[in-house]
Amino acid sequence: MSKVEIHGYAIVSDNDCIADASGLTPDVLRNDADWAYFQAELNKSAVTVLGRLGHEANPNPKGRLRMILSSSSTGLERRMDGWWWSPERMSWADAIRTILPEGGRVAVPGGRQVFDLFLGIGYDAFHLTRAEGTVIPNGVPVFSGCGDDTRAEAILSTHGLRPNPRQILDPVGPVSLTIWRNGRQDS
Ligand SMILES: NC(=O)c1ccc[n+]([C@@H]2O[C@H](COP(=O)([O-])OP(=O)(O)OC[C@H]3O[C@@H](n4cnc5c(N)ncnc54)[C@H](OP(=O)(O)O)[C@@H]3O)[C@@H](O)[C@H]2O)c1
């Protein structure tokens, strides 16, 4: 199969959360510069992989190709709104070979179970945006392994990713971006 490149995208608080205690995205994680960066990255991607809740919560006005994780899928099914995939019933390799036979870039914007799954499959890059100075009490962490003693950075590092220099997306906050890349790559 041609090369498939997997890129994860998350904006997190200082305590590594992607959502609040009720599972919703709080305003402190909404930032125009991050949104513009994320949209530009989606434009470079051949398919966007997301959990069912995120799929249902986020309209798809540009009609981008989506792959939706759900236990309701019989394996891999083409429905009106995208490819529905159950990783328990079909392997990633078989599913993505069907969706992108020519290869291409895969964008993974979560949520948490999806981020966890792709730690095992293997990210080529993880674009970690941080809304610095924000804390979300009892929120949903980007990876289930995050905790008081384990930061998202440590989990990415454990999975073979290495950080590029921190960039500032928005000086207010600031909101920063660190792209973590698979250590086997040159860039
Ligand atoms: N800050 C950020 O960067 C960021 C990123 C992503 C999401 N969010 C926020 O987080 C919230 C949604 O995320 P979430 O984690 O609650 O839900 P989610 O990942 O969007 O959806 C969860 C659902 O996806 C399906 N799913 C996920 N992993 C699966 C697996 N391995 N096998 C089968 N099905 C699987 C299941 O659907 P079924 O119930 O159909 O089986 C599960 O109930 C939203 O508020 C969203 O805006 C924030």
Side-chain angles (χ1 to χ4, degrees), residues 6-42 45 47-61 64 66-96 99 106-123 125-146 151-153 155-156 169-170 173 175-180:
I6 302 172
H7 290 243
Y9 298 89
I11 180 168
V12 301
S13 58
D14 272 350
N15 62 331
D16 292 330
C17 289
I18 57 168
D20 65 18
S22 63
L24 300 176
T25 304
D27 285 345
V28 294
L29 294 184
R30 295 188 193 280
N31 176 269
D32 288 346
D34 174 65
W35 184 253
Y37 176 79
F38 177 52
Q39 293 299 311
E41 289 290 306
L42 291 186
S45 305
V47 64
T48 306
V49 182
L50 66 180
R52 177 181 59 81
L53 296 176
H55 168 65
E56 289 172 352
N58 294 286
N60 186 12
R64 294 187 174 107
R66 286 184 170 181
M67 181 182 194
I68 300 115
L69 274 85
S70 174
S71 56
S72 75
S73 172
T74 54
L76 185 70
E77 297 161 48
R78 188 70 166 104
R79 300 185 191 170
M80 291 289 286
D81 52 356
W83 289 95
W84 285 65
W85 175 45
S86 167
E88 282 196 358
R89 300 195 178 96
M90 182 183 278
S91 72
W92 166 250
D94 287 347
I96 199 62
I99 295 172
V106 175
V108 180
R112 192 198 63 219
Q113 288 172 264
V114 183
F115 287 136
D116 279 348
L117 179 77
F118 278 88
L119 281 173
I121 292 169
Y123 292 105
F126 197 96
H127 304 240
L128 185 67
T129 300
R130 193 174 293 279
E132 297 187 13
T134 66
V135 174
I136 302 174
N138 304 313
V140 178
V142 57
F143 302 119
S144 54
C146 290
R151 304 304 313 273
E153 285 84 349
I155 291 173
L156 291 168
L169 289 181
D170 187 341
V175 174
S176 65
L177 168 69
T178 303
I179 303 174
W180 290 71

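Numbering of ligands and ligand atoms starts at 1, following listing order. Just so you know, residue 1 is the first one in the sequence shown, and it goes up from there.
- Shown in contact with A10 at under 4.0 Å from a heavy atom are these atoms of ligand 1, numbered in order with element: 3 (O).
- Not a single N or O atom of S86, backbone or side chain, sits closer than 3.5 Å to an N or O atom of ligand 1.
- Protein heavy atom closest to atom 41 (O) of ligand 1, with residue, atom name and distance, is S71 OG, 2.5 Å.
- Between atom 44 (C) of ligand 1 and the options S72, A57, G23, the minimum heavy-atom separation is to G23.
- Pairs engaging residues 78-90 under the salt bridge (charged side-chain N to carboxylate O under 4.0 Å, His left out) rule: E77-R79 [sequence neighbours left out].
- Annotation: side chain of I68 is not in contact with side chain of W85 (no heavy-atom distance under 4.5 Å).
- Considering only heavy atoms from C-beta on, H127 comes within 4.5 Å of Y37 through its side chain.
- Distances from atom 1 (N) of ligand 1 to the heavy atoms of V114, V140, V49, I11 put I11 nearest.
- A parallel orientation is assigned to the rings of Y9 and H7, their planes being inclined by less than 30° (bins at 30° and 60°).
- Atom 48 (C) of ligand 1 has its closest protein heavy atom at I18 O, 3.2 Å.
- Residues V49 and V106 have side chains in contact (heavy-atom distance under 4.5 Å, counting atoms from C-beta outward).
- At a heavy-atom distance under 4.0 Å, only side-chain atoms of A19, from C-beta outward, approach ligand 1.
- Counting only heavy atoms of the protein, atom 15 (O) of ligand 1 lies nearest to R112 N, 3.1 Å.
- Scanning the protein for heavy atoms near atom 6 (C) of ligand 1, the closest one is P109 O, 2.9 Å.
- The protein heavy atom nearest to atom 19 (O) of ligand 1 is G111 N, 3.0 Å.
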Would T129 and D34 count as a side chain to side chain donor-acceptor pair (under 3.5 Å) here? Give the steps. CA-CA 7 Å; T129 300; D34 174 65; 3.0 Å; yes
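- Protein heavy atom in closest approach to atom 47 (O) of ligand 1: T25 OG1, 2.5 Å.
- Of all atoms in ligand 1, numbered sequentially from 1 with element shown, those under 4.0 Å from a heavy atom of S70 are 33 (C), 34 (N), 37 (O), 38 (P), 40 (O), 41 (O).
- Sorted by first then second residue, the salt bridge (charged side-chain N to carboxylate O under 4.0 Å, His left out) pairs that include residues 20-29, not counting sequence neighbours, are D27-R30.
- Remark: N60 CG is packed, more than 12 non-hydrogen atoms of other residues, nucleotides or ligands lying under 6.0 Å away.
- For atom 36 (C) of ligand 1, the closest non-hydrogen atom on the protein side is L69 O, 4.1 Å.
- Proximity of P87 to ligand 1, defined as any heavy-atom pair under 4.0 Å, is confined to the side chain (atoms from C-beta onward).
- When H127, H55, R52 are ranked by how near their heavy atoms come to atom 24 (O) of ligand 1, first place goes to R52.
- Atom 16 (O) of ligand 1 has as its closest protein heavy atom L53 CD1, 3.9 Å.
- L156 has its side chain out of reach of R151: every pair of non-hydrogen atoms, C-beta onward, lies at least 4.5 Å apart.
- Residue-ligand proximity: L24 is placed with a non-hydrogen atom under 4.0 Å from ligand 1.
- Ring geometry for Y123 against F118 counts as tilted: the plane angle lies between 30° and 60°, on a 0 to 90° scale.
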Would Q39 and R64 count as a side chain to side chain donor-acceptor pair (under 3.5 Å) here? Give the steps. CA-CA 11 Å; Q39 293 299 311; R64 294 187 174 107; 3.0 Å; yes
